[in-house]
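Counting starts at 1 for both ligands and their atoms, following the listed order.
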Amino acid sequence: MKAPVRVTVTGAAGNISYSILFRIAAGNMLGPDQPVILQCLEIPPAMGALNGVVMELNDCAFPLLHDIVATDDANVGFKDADFALLVGAMPRKKGMLRKDLLTANSKIFSAQGKAINDNAKEDCRVLVVGNPANTNALITMANAPKIKHGNITAMTRLDHNRAISQLADKTGVASTDIKKMTIWGNHSATQYPDISQTTVDGKDATTLVDTDWYRDDFIPKVQQRGAAIIEARGASSAASAASAAIDHMRDWALGTAEGDWVSMAIPSDGSYGVPEGLIYSYPVTCSGGEYSIVQDLPIDEFSRERMDATANELSEEQDDVKDLL
Ligand code: NAX
């Protein structure tokens with residue numbers, strides 16, 4: 001049996017974590033031969049609820065779960081972490097502008113960036129789920145210079161999975177028949193779900209669906225899916241967000257399938273003309289615990305406009321938090 005690795009989850013008493021923690025402990029993220037120690041971080045008012053979650057985790061008697069740490073001290077929560085899933089964030093309240101949300105969360109992520117820097121392993125792999133995820137990741141990265149460059153990422157895998165599911169449904173295939181889906185940019189309504197390189201059971205997706213459906217139905221549906229879930233459920237996506245976080249970390253750690261890629265929001269290196277340093281979602285392949293951007297894809301005018309629009313939104317968000325970078 002391998003030595004256990006330490007996985008920190010913040011917002012551990014929240015809705016997404018109520019699914020994430022159990023999936024990690026069951027081995028869905030790092031494989032059935034990788035024991036884990038869960039380090040659950042919360043804020044003081046949520047420690048009672050977190051205690052209940054810990055009781056339930058214990059009651060599962062998961063063979064891979066070696067230990068659980070429950071704390072409201074970020075220095076304890078990130079101690080020696082190999083992986084960190086930053087789920088905890090302040091939710092958007094009624095009447096709150098996007099900018100107010102950015103400011104409130106920027107404080108959380110600058111403090112957690114410092115705590116990661118001071119306590120986590122230098123090659124700790126970090127996934128930011130809490131919104132606005134890309135810019136929260138930017139703030140975390142700016143405050144954690146010791147962490148290996150590129151290891152602070154944000155989640156667009158839920159958007160990627162939503163896009164696969166919509167296209168599979170439209171073309172009448174299984175989701176496993178869809179390959180090479182891409183989400184470009186921000187995890188927001190400006191994201192660009194791109195099927196120009198996607199295949200459906202080996203055929204070009206663009207030859208199977210008409211352009212009007214793609215542009216007027218598919219793209220907005222993927223962009224607005226989070227709002228549709230809130231409308232239907234009265235609460236934001238939780239189990240599907242948890243599942244996407246597990247997918248993101250699993251593929252990063254264990255590798256993507258041959259002949260396919262996934263979408264991850266990562267620090268831009270300038271690829272595809274995106275300003276360097278923004279946390280931008282790209283198509284990536286993963287192998288040996290590292291990701292690399294899929295290069296040299298053809299970009300037509302329609303794509304270019306959308307890729308630039310979502311990059312511009314990220315640049316504006318970056319500007320709003322520049323004092324913390
Ligand atoms: P909940 O409100 O259920 O849980 C959040 C938890 O975070 C709470 O228990 C709270 O006490 C805790 N928390 C707040 N500040 C903290 C801090 N400084 N340190 C540690 N814990 C802290 O929200 P939930 O539904 O779990 O969603 C969590 C975040 O994910 C939200 O920001 C949400 O917007 C975001 N999402 C991101 C998605 C993505 O695809 N990137 C999709 C789903 C989700 O909307």
Side-chain angles (χ1 to χ4, degrees), residues 8-23 39-54 69-78 81 84-93 96 98 100-102 104-116 126-140 143 153-163 183 185-189 191 193 222-231 233-249 262-266 279 281:
T8 303
V9 177
T10 76
N15 284 310
I16 294 177
S17 293
Y18 193 64
S19 179
I20 259 182
L21 289 165
F22 295 83
R23 302 255 333 247
Q39 306 194 154
C40 305
L41 181 65
E42 258 297 347
I43 49 175
M47 288 307 287
L50 177 56
N51 188 35
V53 175
V54 170
V69 176
T71 181
D72 56 11
D73 179 345
N75 291 317
V76 175
F78 291 113
L85 293 90
L86 309 192
V87 182
M90 182 179 283
R92 190 161 174 170
K93 297 187 186 121
M96 211 175 180
R98 190 176 172 85
D100 301 333
L101 181 72
L102 262 176
N105 279 312
S106 62
K107 293 191 186 113
I108 295 178
F109 287 87
S110 54
Q112 290 189 350
K114 287 190 186 83
I116 291 170
V126 181
L127 169 63
V128 177
V129 175
N131 278 323
N134 300 52
T135 297
N136 287 341
L138 190 73
I139 296 165
T140 308
N143 286 279
T153 66
M155 187 164 98
T156 48
R157 185 61 178 264
L158 179 54
D159 311 297
H160 179 98
N161 289 347
R162 285 167 171 165
I183 303 293
N186 199 3
H187 169 66
S188 76
Q191 66 174 272
V222 175
Q223 290 171 330
Q224 301 295 338
R225 186 67 165 182
I229 300 280
I230 293 174
E231 179 69 29
R233 220 171 76 86
S236 60
S237 324
S240 56
S243 196
I246 296 284
D247 288 348
H248 177 116
M249 285 305 215
V262 296
S263 304
M264 286 172 69
I266 55 172
I279 305 284
S281 181

Q: Does atom 2 (O) of ligand 1 have any protein heavy atom closer than 4.0 Å?
A: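 No; the ligand atom in question lacks any protein heavy-atom contact below 4.0 Å.
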Q: Looking only at non-hydrogen atoms, find the nearest pair between Ile16 and Ser237 and report the distance.
A: CG1-O, 3.9 Å
Q: Under 3.5 Å, which donor-acceptor pairs do the side chains of residues 129-139 form with other protein atoms, sequence neighbours left out?
A:
residue: Asn131; atom: OD1; partner: Ala133; partner atom: N; Å: 3.4
residue: Asn134; atom: OD1; partner: His187; partner atom: N; Å: 3.1
residue: Asn134; atom: ND2; partner: Gly185; partner atom: O; Å: 3.1
residue: Asn134; atom: ND2; partner: Ile279; partner atom: O; Å: 2.8
residue: Thr135; atom: OG1; partner: Glu317; partner atom: OE1; Å: 2.5
residue: Asn136; atom: ND2; partner: Gly130; partner atom: O; Å: 2.9
residue: Asn136; atom: ND2; partner: Asn131; partner atom: O; Å: 3.1
residue: Asn136; atom: ND2; partner: Pro132; partner atom: O; Å: 3.3

Q: If you compare all heavy atoms of Met90 against all heavy atoms of Ile108, which two are closest, and at what distance to 0.1 Å?
A: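 Closest approach of Met90 to Ile108: N-CD1, 3.9 Å.
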Q: Once side chain to side chain contact (heavy atoms under 4.5 Å, CB included) is applied, do any residues pair with Asn75, and if so which ones, sequence neighbours excluded?
A: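 Result, side chain to side chain contact (heavy atoms under 4.5 Å, CB included) vs Asn75: Asp73, Ala115, Asn119.
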Q: Does Gly11 reach ligand 1 with a nitrogen or oxygen that is under 3.5 Å from one of the ligand's nitrogen or oxygen atoms?
A: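 Yes; at least one N/O pair falls below 3.5 Å.
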Q: Does Ala238 have a non-hydrogen atom less than 4.0 Å from ligand 1?
A: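 Contact check Ala238 vs ligand 1: negative.
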Q: Of the side chain and backbone of Ala89, name the one, both, or neither that has a heavy atom under 4.0 Å from an atom of ligand 1.
A: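 The answer is both, backbone and side chain.
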Q: Arg157 and Val262: which non-hydrogen atoms are nearest, and at how many Å?
A: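 Heavy atoms only, the tightest pair is NH1-CG1, 3.4 Å.
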Q: Does some non-hydrogen atom of Gln112 fall short of 4.0 Å from ligand 1?
A: yes
Q: Contact between ligand 1 and His187 is defined here as a heavy atom of the residue under 4.0 Å from a ligand atom; is it met?
A: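 Under 4.0 Å: yes for His187.
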Q: Please tell me if the side chains of Phe78 and Leu86 come closer than 4.5 Å, counting only heavy atoms from C-beta onward.
A: yes
Q: Which one holds for Asn15 and ligand 1: side chain close, backbone close, both close, or neither close, with close meaning a heavy atom under 4.0 Å?
A: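 Looking at Asn15 and ligand 1, atoms from backbone and side chain both fall under 4.0 Å.
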Q: Could you tell me whether the side chain of Phe109 reaches within less than 4.5 Å of the side chain of Ile116, counting heavy atoms only?
A: no
Q: Check Ile108 against ligand 1 and report side chain, backbone, both or neither, counting heavy atoms closer than 4.0 Å.
A: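 It is the side chain that touches ligand 1; the backbone stays farther off.
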Q: Side chains of Arg225 and Ser240: donor-acceptor distance under 3.5 Å anywhere?
A: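 There is no such pair (donor and acceptor under 3.5 Å, judged by atom type) between the side chains of Arg225 and Ser240.
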Q: Could you report the tightest heavy-atom contact between Cys40 and Leu21, atom names first, then the distance?
A: SG-CD2, 4.0 Å
Q: As a check for students: among Val87, Leu86, Ile43, identify the option with a heavy atom nearest to atom 29 (C) of ligand 1.
A: Val87
Q: Please state which protein non-hydrogen atom is closest to atom 41 (N) of ligand 1 and give its distance, to 0.1 Å?
A: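 Protein heavy atom at minimum distance: Val129 O, 3.2 Å.
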Q: Asp159 versus ligand 1: do any nitrogen or oxygen atoms come within less than 3.5 Å of each other?
A: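 Between Asp159 and ligand 1 (N or O atoms, distance only) the closest approach is not under 3.5 Å.
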Q: Which of the atoms of ligand 1 are close to Ser237, meaning less than 4.0 Å from one of its heavy atoms?
A: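 Here the atoms of ligand 1 in question are 43 (C).
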Q: Suppose we measure from atom 8 (C) of ligand 1 to each protein heavy atom; which comes out shortest, and what is that distance?
A: Glu42 OE2, 3.5 Å
Q: For atom 36 (N) of ligand 1, what's the nearest protein heavy atom and its distance?
A: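 Checked against all protein heavy atoms, atom 36 (N) of ligand 1 sits closest to Asn131 ND2, 3.4 Å.
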Q: Between Thr153 (side chain) and Val126 (backbone), is there a donor-acceptor pair under 3.5 Å?
A: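 Yes, the answer is positive, given that a donor and an acceptor are paired below the 3.5 Å cut-off.
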Q: How far apart are the closest heavy atoms of Leu50 and Ala13, and which atoms are they?
A: N-CB, 3.8 Å
Q: Would you mind checking which non-hydrogen protein atom is closest to atom 44 (C) of ligand 1, with the distance to 0.1 Å?
A: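 Protein heavy atom with the smallest distance to atom 44 (C) of ligand 1: Ile16 CD1, 3.7 Å.
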Q: Can you check whether Ser17 has an N/O within less than 3.5 Å of an N/O in ligand 1?
A: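 The answer is no, given that Ser17 and ligand 1 share no N or O pair closer than 3.5 Å.
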Q: Among all the protein's non-hydrogen atoms, which is closest to atom 42 (C) of ligand 1, and how far away is it?
A: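 The closest one turns out to be Leu158 CD2, 3.8 Å.
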Q: Report the nearest protein non-hydrogen atom to atom 4 (O) of ligand 1: residue, atom name, distance rounded to 0.1 Å.
A: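 For atom 4 (O) of ligand 1, the nearest protein heavy atom comes out as Gly14 CA, 3.3 Å.
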